[in-house]
2 protein chains.
Amino acid sequence: MIEIARGLIATNGLRSLKVRDVAEAADCSIGSVYNEFGDFDGLILTVNRETVRALTARLVAVPAEDPVRQLHGLAETYLAFAADHANLLRSLFEHRMEDDRPFPEDILLMVMQAFALMHEPMVRLLPDRNPEEVALLARMMFSAVHGIISLGLEERMVAVPPEKLRQQLAQFVDTHLVGLGISLDKARDGEV
Amino acid sequence: MIEIARGLIATNGLRSLKVRDVAEAADCSIGSVYNEFGDFDGLILTVNRETVRALTARLVAVPAEDPVRQLHGLAETYLAFAADHANLLRSLFEHRMEDDRPFPEDILLMVMQAFALMHEPMVRLLPDRNPEEVALLARMMFSAVHGIISLGLEERMVAVPPEKLRQQLAQFVDTHLVGLGISLDKARDGEV
DNA sequence: ATATATTTTGAACAATGTTCATTTTCAACC
DNA sequence: GGTTGAAAATGAACATTGTTCAAAATATAT
(Lines give C-alpha, C1' and ligand atoms only; values in the text may rest on other atoms or scores of the structure.)
Protein backbone atom coordinates (compact mmCIF):
# COMPACT_ATOMS: atom_id res chain seq x y z
CA MET A 1 0.00 0.00 0.00
CA ILE A 2 2.85 2.33 0.85
CA GLU A 3 4.52 0.91 -2.20
CA ILE A 4 1.52 1.90 -4.29
CA ALA A 5 1.37 5.41 -2.91
CA ARG A 6 5.08 5.85 -3.46
CA GLY A 7 4.73 4.68 -7.03
CA LEU A 8 1.92 7.13 -7.70
CA ILE A 9 3.84 10.03 -6.21
CA ALA A 10 7.03 9.07 -8.00
CA THR A 11 5.43 8.86 -11.42
CA ASN A 12 2.90 11.67 -11.32
CA GLY A 13 3.81 13.87 -8.42
CA LEU A 14 2.25 14.36 -5.03
CA ARG A 15 -0.62 16.40 -6.39
CA SER A 16 -2.00 13.48 -8.35
CA LEU A 17 -2.09 11.14 -5.38
CA LYS A 18 -5.69 10.25 -4.53
CA VAL A 19 -6.99 8.13 -1.72
CA ARG A 20 -9.34 6.35 -4.05
CA ASP A 21 -6.56 5.44 -6.46
CA VAL A 22 -4.52 3.98 -3.64
CA ALA A 23 -7.48 2.02 -2.32
CA GLU A 24 -8.34 0.65 -5.74
CA ALA A 25 -4.77 -0.29 -6.56
CA ALA A 26 -4.42 -1.97 -3.18
CA ASP A 27 -7.72 -3.73 -3.77
CA CYS A 28 -9.22 -2.56 -0.51
CA SER A 29 -11.75 0.00 0.59
CA ILE A 30 -11.18 3.69 1.16
CA GLY A 31 -11.82 3.19 4.83
CA SER A 32 -8.93 0.77 5.11
CA VAL A 33 -6.52 3.45 4.02
CA TYR A 34 -7.80 5.58 6.86
CA ASN A 35 -7.62 2.75 9.34
CA GLU A 36 -4.00 2.29 8.44
CA PHE A 37 -2.73 5.87 8.19
CA GLY A 38 -5.29 7.97 10.05
CA ASP A 39 -5.62 10.49 7.26
CA PHE A 40 -4.17 11.54 3.96
CA ASP A 41 -1.25 13.32 5.55
CA GLY A 42 -0.46 10.14 7.41
CA LEU A 43 -0.06 8.27 4.17
CA ILE A 44 2.10 10.97 2.62
CA LEU A 45 4.25 11.22 5.70
CA THR A 46 4.77 7.49 5.73
CA VAL A 47 6.06 7.67 2.18
CA ASN A 48 8.19 10.70 3.04
CA ARG A 49 9.61 8.91 6.03
CA GLU A 50 10.78 6.10 3.82
CA THR A 51 12.14 8.56 1.31
CA VAL A 52 14.35 10.28 3.83
CA ARG A 53 15.33 6.92 5.24
CA ALA A 54 16.40 5.70 1.82
CA LEU A 55 18.27 8.92 1.15
CA THR A 56 20.05 8.80 4.48
CA ALA A 57 20.99 5.18 3.92
CA ARG A 58 22.65 6.09 0.66
CA LEU A 59 24.42 9.07 2.13
CA VAL A 60 25.70 7.10 5.10
CA ALA A 61 27.16 4.56 2.70
CA VAL A 62 29.45 7.13 1.12
CA PRO A 63 33.06 6.19 1.92
CA ALA A 64 34.58 8.34 4.60
CA GLU A 65 38.28 7.72 4.21
CA ASP A 66 39.08 11.01 2.56
CA PRO A 67 37.01 14.00 3.70
CA VAL A 68 37.17 15.86 0.40
CA ARG A 69 36.20 12.81 -1.54
CA GLN A 70 33.47 12.19 1.00
CA LEU A 71 32.00 15.62 0.46
CA HIS A 72 32.01 15.07 -3.26
CA GLY A 73 30.47 11.68 -2.75
CA LEU A 74 27.71 13.09 -0.57
CA ALA A 75 26.87 15.73 -3.16
CA GLU A 76 26.93 13.22 -6.00
CA THR A 77 24.85 10.74 -4.09
CA TYR A 78 22.32 13.38 -3.26
CA LEU A 79 22.18 14.38 -6.90
CA ALA A 80 21.73 10.81 -8.05
CA PHE A 81 18.92 10.29 -5.59
CA ALA A 82 17.26 13.55 -6.56
CA ALA A 83 17.51 12.71 -10.25
CA ASP A 84 16.05 9.26 -9.72
CA HIS A 85 13.34 10.28 -7.30
CA ALA A 86 12.62 13.91 -8.04
CA ASN A 87 8.96 13.71 -7.11
CA LEU A 88 9.60 11.84 -3.90
CA LEU A 89 12.12 14.43 -2.75
CA ARG A 90 9.76 17.22 -3.66
CA SER A 91 7.08 15.50 -1.62
CA LEU A 92 9.47 15.46 1.32
CA PHE A 93 10.46 19.10 1.12
CA GLU A 94 7.39 20.77 -0.27
CA HIS A 95 4.47 19.03 1.34
CA ARG A 96 2.66 21.22 3.85
CA MET A 97 0.55 19.61 6.48
CA GLU A 98 -3.16 20.15 6.88
CA ASP A 99 -4.08 23.03 9.19
CA ASP A 100 -0.78 23.78 10.77
CA ARG A 101 -0.06 20.57 12.47
CA PRO A 102 3.57 20.26 13.45
CA PHE A 103 6.04 18.52 11.22
CA PRO A 104 6.68 15.00 12.62
CA GLU A 105 9.62 14.95 14.94
CA ASP A 106 11.16 11.76 13.61
CA ILE A 107 11.25 12.95 10.01
CA LEU A 108 12.77 16.21 11.18
CA LEU A 109 15.45 14.28 13.03
CA MET A 110 16.27 12.17 10.01
CA VAL A 111 16.57 15.22 7.79
CA MET A 112 18.81 16.81 10.37
CA GLN A 113 20.89 13.67 10.47
CA ALA A 114 21.26 13.86 6.72
CA PHE A 115 22.28 17.50 7.02
CA ALA A 116 24.80 16.57 9.67
CA LEU A 117 26.56 14.05 7.47
CA MET A 118 28.61 16.86 6.02
CA HIS A 119 29.67 17.87 9.47
CA GLU A 120 32.23 15.18 10.15
CA PRO A 121 34.32 15.62 7.00
CA MET A 122 34.17 19.37 7.44
CA VAL A 123 35.50 19.05 10.97
CA ARG A 124 38.32 16.94 9.64
CA LEU A 125 39.12 19.54 7.05
CA LEU A 126 38.87 22.46 9.44
CA PRO A 127 40.24 21.10 12.71
CA ASP A 128 41.14 24.53 14.01
CA ARG A 129 37.75 26.12 13.73
CA ASN A 130 35.09 26.25 16.36
CA PRO A 131 32.99 23.07 15.88
CA GLU A 132 29.80 25.00 16.28
CA GLU A 133 30.80 27.27 13.48
CA VAL A 134 31.70 24.25 11.38
CA ALA A 135 28.27 22.82 12.02
CA LEU A 136 26.75 25.95 10.57
CA LEU A 137 29.11 25.76 7.62
CA ALA A 138 28.08 22.17 7.03
CA ARG A 139 24.40 22.97 7.14
CA MET A 140 24.99 25.89 4.82
CA MET A 141 26.91 23.75 2.38
CA PHE A 142 24.18 21.14 2.43
CA SER A 143 21.57 23.79 1.81
CA ALA A 144 23.57 25.19 -1.07
CA VAL A 145 23.94 21.76 -2.62
CA HIS A 146 20.25 21.16 -2.12
CA GLY A 147 19.43 24.44 -3.84
CA ILE A 148 21.70 23.78 -6.78
CA ILE A 149 20.24 20.34 -7.27
CA SER A 150 16.59 21.15 -6.74
CA LEU A 151 16.61 24.20 -8.97
CA GLY A 152 18.91 22.48 -11.43
CA LEU A 153 16.55 19.57 -11.89
CA GLU A 154 13.44 21.72 -12.01
CA GLU A 155 12.04 20.96 -15.42
CA ARG A 156 9.83 24.00 -15.43
CA MET A 157 12.93 26.13 -15.41
CA VAL A 158 14.99 24.66 -18.18
CA ALA A 159 16.58 21.86 -16.29
CA VAL A 160 20.30 21.35 -16.44
CA PRO A 161 21.18 17.89 -17.74
CA PRO A 162 22.16 15.65 -14.80
CA GLU A 163 25.62 15.01 -16.14
CA LYS A 164 26.26 18.70 -16.54
CA LEU A 165 24.86 19.22 -13.09
CA ARG A 166 27.24 16.62 -11.70
CA GLN A 167 30.19 18.52 -13.03
CA GLN A 168 28.86 21.79 -11.73
CA LEU A 169 28.31 20.34 -8.30
CA ALA A 170 31.84 18.98 -8.16
CA GLN A 171 33.15 22.34 -9.22
CA PHE A 172 31.01 24.03 -6.62
CA VAL A 173 32.27 21.84 -3.81
CA ASP A 174 35.86 22.36 -4.88
CA THR A 175 35.44 26.09 -5.18
CA HIS A 176 33.87 26.31 -1.80
CA LEU A 177 36.55 24.23 -0.15
CA VAL A 178 39.25 26.33 -1.73
CA GLY A 179 37.47 29.37 -0.43
CA LEU A 180 37.61 27.88 3.05
CA GLY A 181 41.36 27.61 2.68
CA ILE A 182 41.54 23.89 2.10
CA SER A 183 44.11 22.55 -0.31
CA LEU A 184 42.41 20.00 -2.48
CA ASP A 185 45.48 18.11 -3.69
CA LYS A 186 46.90 17.63 -0.24
CA ALA A 187 43.66 16.47 1.20
CA ARG A 188 42.98 14.13 -1.65
CA ASP A 189 46.23 12.21 -1.18
CA GLY A 190 47.70 12.48 2.29
CA GLU A 191 46.60 12.19 5.88
CA VAL A 192 44.60 9.15 6.93
CA MET B 1 -8.85 40.95 -5.99
CA ILE B 2 -5.25 40.03 -6.71
CA GLU B 3 -4.47 42.00 -3.61
CA ILE B 4 -6.85 39.83 -1.62
CA ALA B 5 -5.46 36.59 -2.97
CA ARG B 6 -1.93 37.73 -2.27
CA GLY B 7 -2.89 38.63 1.27
CA LEU B 8 -4.42 35.22 1.85
CA ILE B 9 -1.41 33.40 0.46
CA ALA B 10 1.00 35.59 2.37
CA THR B 11 -0.66 35.08 5.71
CA ASN B 12 -1.76 31.48 5.55
CA GLY B 13 0.10 29.87 2.70
CA LEU B 14 -0.97 28.82 -0.75
CA ARG B 15 -2.79 25.75 0.53
CA SER B 16 -5.34 27.80 2.39
CA LEU B 17 -6.28 29.92 -0.59
CA LYS B 18 -9.89 29.23 -1.59
CA VAL B 19 -11.83 30.65 -4.49
CA ARG B 20 -14.82 31.27 -2.25
CA ASP B 21 -12.78 33.22 0.25
CA VAL B 22 -11.42 35.43 -2.49
CA ALA B 23 -14.87 35.98 -3.95
CA GLU B 24 -16.36 36.82 -0.59
CA ALA B 25 -13.56 39.17 0.38
CA ALA B 26 -13.80 40.86 -3.02
CA ASP B 27 -17.55 41.08 -2.60
CA CYS B 28 -18.31 39.43 -5.90
CA SER B 29 -19.46 36.04 -7.08
CA ILE B 30 -17.40 32.94 -7.58
CA GLY B 31 -18.02 33.15 -11.29
CA SER B 32 -16.40 36.55 -11.49
CA VAL B 33 -13.14 35.12 -10.24
CA TYR B 34 -13.28 32.66 -13.10
CA ASN B 35 -14.18 35.30 -15.64
CA GLU B 36 -11.14 37.25 -14.57
CA PHE B 37 -8.53 34.53 -14.24
CA GLY B 38 -9.88 31.57 -16.18
CA ASP B 39 -9.26 29.14 -13.39
CA PHE B 40 -7.65 28.76 -10.02
CA ASP B 41 -4.18 28.38 -11.47
CA GLY B 42 -4.72 31.62 -13.32
CA LEU B 43 -5.28 33.45 -10.08
CA ILE B 44 -2.26 31.89 -8.41
CA LEU B 45 -0.08 32.58 -11.41
CA THR B 46 -1.16 36.20 -11.45
CA VAL B 47 -0.06 36.55 -7.86
CA ASN B 48 3.17 34.70 -8.60
CA ARG B 49 3.81 36.95 -11.55
CA GLU B 50 3.61 39.97 -9.32
CA THR B 51 5.79 38.29 -6.75
CA VAL B 52 8.61 37.66 -9.17
CA ARG B 53 8.13 41.14 -10.57
CA ALA B 54 8.46 42.66 -7.12
CA LEU B 55 11.48 40.54 -6.36
CA THR B 56 13.16 41.42 -9.63
CA ALA B 57 12.48 45.09 -9.07
CA ARG B 58 14.23 44.95 -5.75
CA LEU B 59 17.16 42.99 -7.13
CA VAL B 60 17.58 45.34 -10.06
CA ALA B 61 17.76 48.24 -7.65
CA VAL B 62 20.86 46.86 -5.97
CA PRO B 63 23.78 49.23 -6.67
CA ALA B 64 26.16 47.93 -9.28
CA GLU B 65 29.24 50.05 -8.75
CA ASP B 66 31.27 47.39 -7.07
CA PRO B 67 30.70 43.80 -8.24
CA VAL B 68 31.50 42.16 -4.92
CA ARG B 69 29.27 44.52 -3.06
CA GLN B 70 26.61 43.95 -5.69
CA LEU B 71 26.70 40.20 -5.16
CA HIS B 72 26.36 40.70 -1.44
CA GLY B 73 23.57 43.13 -2.04
CA LEU B 74 21.73 40.70 -4.28
CA ALA B 75 21.97 37.94 -1.70
CA GLU B 76 20.89 40.22 1.11
CA THR B 77 18.02 41.61 -0.90
CA TYR B 78 16.86 38.15 -1.77
CA LEU B 79 17.02 37.16 1.86
CA ALA B 80 15.09 40.22 2.97
CA PHE B 81 12.40 39.51 0.40
CA ALA B 82 12.23 35.85 1.35
CA ALA B 83 11.97 36.68 5.03
CA ASP B 84 9.22 39.22 4.43
CA HIS B 85 7.27 37.16 1.92
CA ALA B 86 8.12 33.55 2.66
CA ASN B 87 4.74 32.20 1.59
CA LEU B 88 4.67 34.21 -1.61
CA LEU B 89 8.07 32.92 -2.65
CA ARG B 90 7.06 29.39 -1.80
CA SER B 91 3.99 29.84 -3.96
CA LEU B 92 6.24 30.90 -6.80
CA PHE B 93 8.67 28.03 -6.53
CA GLU B 94 6.53 25.20 -5.24
CA HIS B 95 3.21 25.56 -6.99
CA ARG B 96 2.60 22.83 -9.55
CA MET B 97 0.10 23.43 -12.27
CA GLU B 98 -3.02 21.37 -12.79
CA ASP B 99 -2.55 18.38 -15.10
CA ASP B 100 0.81 19.12 -16.56
CA ARG B 101 0.17 22.37 -18.26
CA PRO B 102 3.37 24.18 -19.12
CA PHE B 103 4.79 26.78 -16.81
CA PRO B 104 3.96 30.24 -18.19
CA GLU B 105 6.69 31.54 -20.41
CA ASP B 106 6.69 35.06 -19.05
CA ILE B 107 7.14 33.99 -15.44
CA LEU B 108 9.92 31.69 -16.53
CA LEU B 109 11.62 34.57 -18.29
CA MET B 110 11.35 36.81 -15.26
CA VAL B 111 12.82 34.15 -13.01
CA MET B 112 15.63 33.68 -15.50
CA GLN B 113 16.18 37.39 -15.56
CA ALA B 114 16.47 37.36 -11.79
CA PHE B 115 18.93 34.49 -12.03
CA ALA B 116 20.91 36.40 -14.59
CA LEU B 117 21.38 39.41 -12.35
CA MET B 118 24.36 37.72 -10.83
CA HIS B 119 25.86 37.26 -14.24
CA GLU B 120 27.08 40.78 -14.85
CA PRO B 121 29.05 41.24 -11.64
CA MET B 122 30.50 37.77 -12.06
CA VAL B 123 31.69 38.64 -15.54
CA ARG B 124 33.33 41.72 -14.14
CA LEU B 125 35.06 39.68 -11.50
CA LEU B 126 36.13 36.94 -13.89
CA PRO B 127 36.91 38.79 -17.10
CA ASP B 128 39.20 36.06 -18.40
CA ARG B 129 36.79 33.20 -18.21
CA ASN B 130 34.48 32.00 -20.90
CA PRO B 131 31.25 34.00 -20.50
CA GLU B 132 29.14 30.92 -20.98
CA GLU B 133 30.93 29.24 -18.14
CA VAL B 134 30.41 32.33 -16.04
CA ALA B 135 26.71 32.20 -16.80
CA LEU B 136 26.59 28.73 -15.36
CA LEU B 137 28.56 29.86 -12.36
CA ALA B 138 26.12 32.68 -11.82
CA ARG B 139 23.12 30.42 -12.03
CA MET B 140 24.78 27.99 -9.69
CA MET B 141 25.55 30.71 -7.20
CA PHE B 142 21.99 31.95 -7.35
CA SER B 143 20.69 28.43 -6.80
CA ALA B 144 23.01 27.99 -3.84
CA VAL B 145 21.86 31.23 -2.30
CA HIS B 146 18.28 30.23 -2.93
CA GLY B 147 18.84 26.91 -1.21
CA ILE B 148 20.52 28.44 1.81
CA ILE B 149 17.73 30.93 2.21
CA SER B 150 14.79 28.66 1.56
CA LEU B 151 16.00 25.89 3.81
CA GLY B 152 17.27 28.39 6.32
CA LEU B 153 13.90 30.04 6.69
CA GLU B 154 11.99 26.78 6.72
CA GLU B 155 10.28 26.84 10.06
CA ARG B 156 9.54 23.16 10.02
CA MET B 157 13.26 22.51 10.10
CA VAL B 158 14.39 24.70 12.93
CA ALA B 159 14.73 27.95 11.10
CA VAL B 160 17.90 29.96 11.38
CA PRO B 161 17.18 33.47 12.65
CA PRO B 162 17.26 35.93 9.74
CA GLU B 163 20.09 37.98 11.20
CA LYS B 164 22.20 34.88 11.67
CA LEU B 165 21.27 33.85 8.16
CA ARG B 166 22.38 37.22 6.84
CA GLN B 167 25.82 36.74 8.29
CA GLN B 168 26.04 33.21 6.97
CA LEU B 169 25.05 34.32 3.51
CA ALA B 170 27.68 37.03 3.47
CA GLN B 171 30.24 34.52 4.59
CA PHE B 172 29.10 32.10 1.93
CA VAL B 173 29.42 34.64 -0.85
CA ASP B 174 32.86 35.67 0.34
CA THR B 175 34.02 32.10 0.66
CA HIS B 176 32.81 31.27 -2.78
CA LEU B 177 34.42 34.29 -4.35
CA VAL B 178 37.70 33.51 -2.67
CA GLY B 179 37.39 29.99 -4.01
CA LEU B 180 37.01 31.44 -7.48
CA GLY B 181 40.28 33.26 -7.01
CA ILE B 182 38.87 36.70 -6.43
CA SER B 183 40.57 39.00 -3.99
CA LEU B 184 37.87 40.59 -1.90
CA ASP B 185 39.82 43.62 -0.67
CA LYS B 186 41.03 44.60 -4.08
CA ALA B 187 37.63 44.26 -5.63
CA ARG B 188 35.94 46.12 -2.86
CA ASP B 189 38.06 49.23 -3.32
CA GLY B 190 39.58 49.57 -6.75
CA GLU B 191 38.56 49.50 -10.37
CA VAL B 192 35.44 51.38 -11.36
C1' DA C 1 -37.45 52.48 -26.09
C1' DT C 2 -35.95 48.49 -28.14
C1' DA C 3 -32.55 45.37 -29.24
C1' DT C 4 -28.20 43.49 -28.83
C1' DA C 5 -24.01 42.56 -26.52
C1' DT C 6 -21.50 42.15 -22.34
C1' DT C 7 -20.94 41.08 -17.63
C1' DT C 8 -22.24 39.06 -13.41
C1' DT C 9 -24.36 35.71 -10.85
C1' DG C 10 -24.85 31.56 -8.00
C1' DA C 11 -27.13 27.13 -8.22
C1' DA C 12 -25.69 22.84 -9.66
C1' DC C 13 -21.95 19.67 -10.67
C1' DA C 14 -17.58 17.00 -10.10
C1' DA C 15 -13.67 15.56 -7.67
C1' DT C 16 -11.84 14.28 -3.44
C1' DG C 17 -10.73 13.99 1.68
C1' DT C 18 -13.30 12.22 5.69
C1' DT C 19 -16.56 9.83 8.77
C1' DC C 20 -19.01 6.09 10.84
C1' DA C 21 -22.85 2.81 11.26
C1' DT C 22 -22.99 -1.57 9.37
C1' DT C 23 -21.08 -5.84 7.89
C1' DT C 24 -17.68 -9.15 7.77
C1' DT C 25 -13.93 -11.65 9.73
C1' DC C 26 -11.68 -13.78 13.23
C1' DA C 27 -10.58 -15.77 17.67
C1' DA C 28 -11.98 -17.73 22.08
C1' DC C 29 -14.74 -20.41 24.73
C1' DC C 30 -18.07 -23.87 25.97
C1' DG D 1 -20.19 -26.80 16.10
C1' DG D 2 -22.28 -23.08 17.79
C1' DT D 3 -22.14 -18.74 20.44
C1' DT D 4 -20.19 -14.64 21.50
C1' DG D 5 -17.55 -10.61 21.48
C1' DA D 6 -13.73 -8.13 19.78
C1' DA D 7 -11.34 -6.51 15.70
C1' DA D 8 -11.10 -5.24 11.07
C1' DA D 9 -12.97 -3.99 6.69
C1' DT D 10 -16.47 -1.75 4.13
C1' DG D 11 -18.54 1.87 1.30
C1' DA D 12 -22.49 4.92 1.41
C1' DA D 13 -23.01 9.42 2.86
C1' DC D 14 -21.05 13.83 3.95
C1' DA D 15 -18.10 18.22 3.63
C1' DT D 16 -15.10 20.93 1.15
C1' DT D 17 -13.75 23.04 -2.89
C1' DG D 18 -12.66 23.80 -7.94
C1' DT D 19 -15.58 24.34 -12.06
C1' DT D 20 -19.43 25.15 -15.29
C1' DC D 21 -23.11 27.53 -17.49
C1' DA D 22 -27.92 28.93 -18.18
C1' DA D 23 -30.15 32.73 -16.51
C1' DA D 24 -30.34 37.38 -14.81
C1' DA D 25 -28.53 41.90 -14.69
C1' DT D 26 -26.24 45.51 -16.80
C1' DA D 27 -24.43 48.19 -20.44
C1' DT D 28 -24.26 49.80 -25.23
C1' DA D 29 -26.08 50.92 -29.65
C1' DT D 30 -29.64 52.32 -32.69
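In this text, all values refer to a predicted model and were calculated from it rather than measured experimentally. All values below were derived from every heavy atom in this structure, side-chain atoms included, with hydrogens, water molecules and symmetry-related copies excluded. Per chain, numbering begins at 1; letters A, B, ... match sequence-line order.
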- Check the pair B:Glu24 / B:Arg20 against salt bridge (charged side-chain N to carboxylate O under 4.0 Å, His left out), numbers first and verdict last. CA-CA 6 Å; B:Glu24 186 176 6; B:Arg20 283 167 176 77; over 6 Å; no
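Side chain of B:Ser32 to main chain of B:Cys28: no donor-acceptor pair is present (N/O by atom type, distance under 3.5 Å, no hydrogens or angles). Although no hydrogens or angles enter the test, the distance criterion places a donor-acceptor pair under 3.5 Å between the side chain of B:Asp66 and the main chain of B:Val68.
The nearest heavy atom of DNA chain D to A:Gly31 and to B:Leu17 marks one nucleotide each, and the one closer to the 5' end goes with A:Gly31. If you find the closest nucleotide of DNA chain C to B:Cys28 and to A:Asp41, the one lying nearer the 5' end belongs to B:Cys28.
Rounding to whole angstrom units, NZ of residue B:Lys18 and C1' of D:dG18 are separated by 10 Å. Whole-Å rounding puts the A:Arg15 CZ to D:dT17 P distance at 15 Å. For the pair B:Phe37 CZ and D:dT19 C1', the interatomic distance rounds to 16 Å; values are reported in whole Å. Atom P of nucleotide D:dT17 and atom CG of B:Asp21 are separated by 7 Å, given to the nearest angstrom. Per the geometry, CZ belonging to B:Arg20 stands 11 Å off C1' belonging to D:dA15, to the nearest Å. Distance CG (B:Asp99) to C1' (D:dG18): 12 Å, rounded to an integer number of Å. The separation between A:Ile30 atom CD1 and C:dA21 atom C1' is 16 Å, rounded to whole Å. Distance A:Glu24 CD to C:dG17 P: 14 Å, rounded to the nearest Å.
Here the side chain of A:Asn35 is nearest to one of D:dG18, C:dT9, D:dT10, namely D:dT10. Ranking C:dT19, D:dA9, C:dG10 by closeness to the A:Ser32 side chain, first place goes to D:dA9. When distances are taken from the side chain of A:Phe40 to each of D:dT17, C:dG17, D:dT10, the shortest belongs to C:dG17. Taking only side-chain atoms of A:Ser29, from C-beta outward, the nucleotide of C:dT9, C:dT16, D:dG11 with the closest atom is D:dG11. Counting only heavy atoms from C-beta on, A:Tyr34 has its side chain closest to C:dT18 among C:dT18, D:dT19, D:dG11.
Under the 4.5 Å side-chain criterion, counting only non-hydrogen atoms from C-beta, A:Leu169 is not in contact with A:Tyr78.
Using a cut-off of 4.0 Å between Lys/Arg side-chain N and Asp/Glu carboxylate O, A:Arg53 and A:Asp106 are scored as not salt-bridged.
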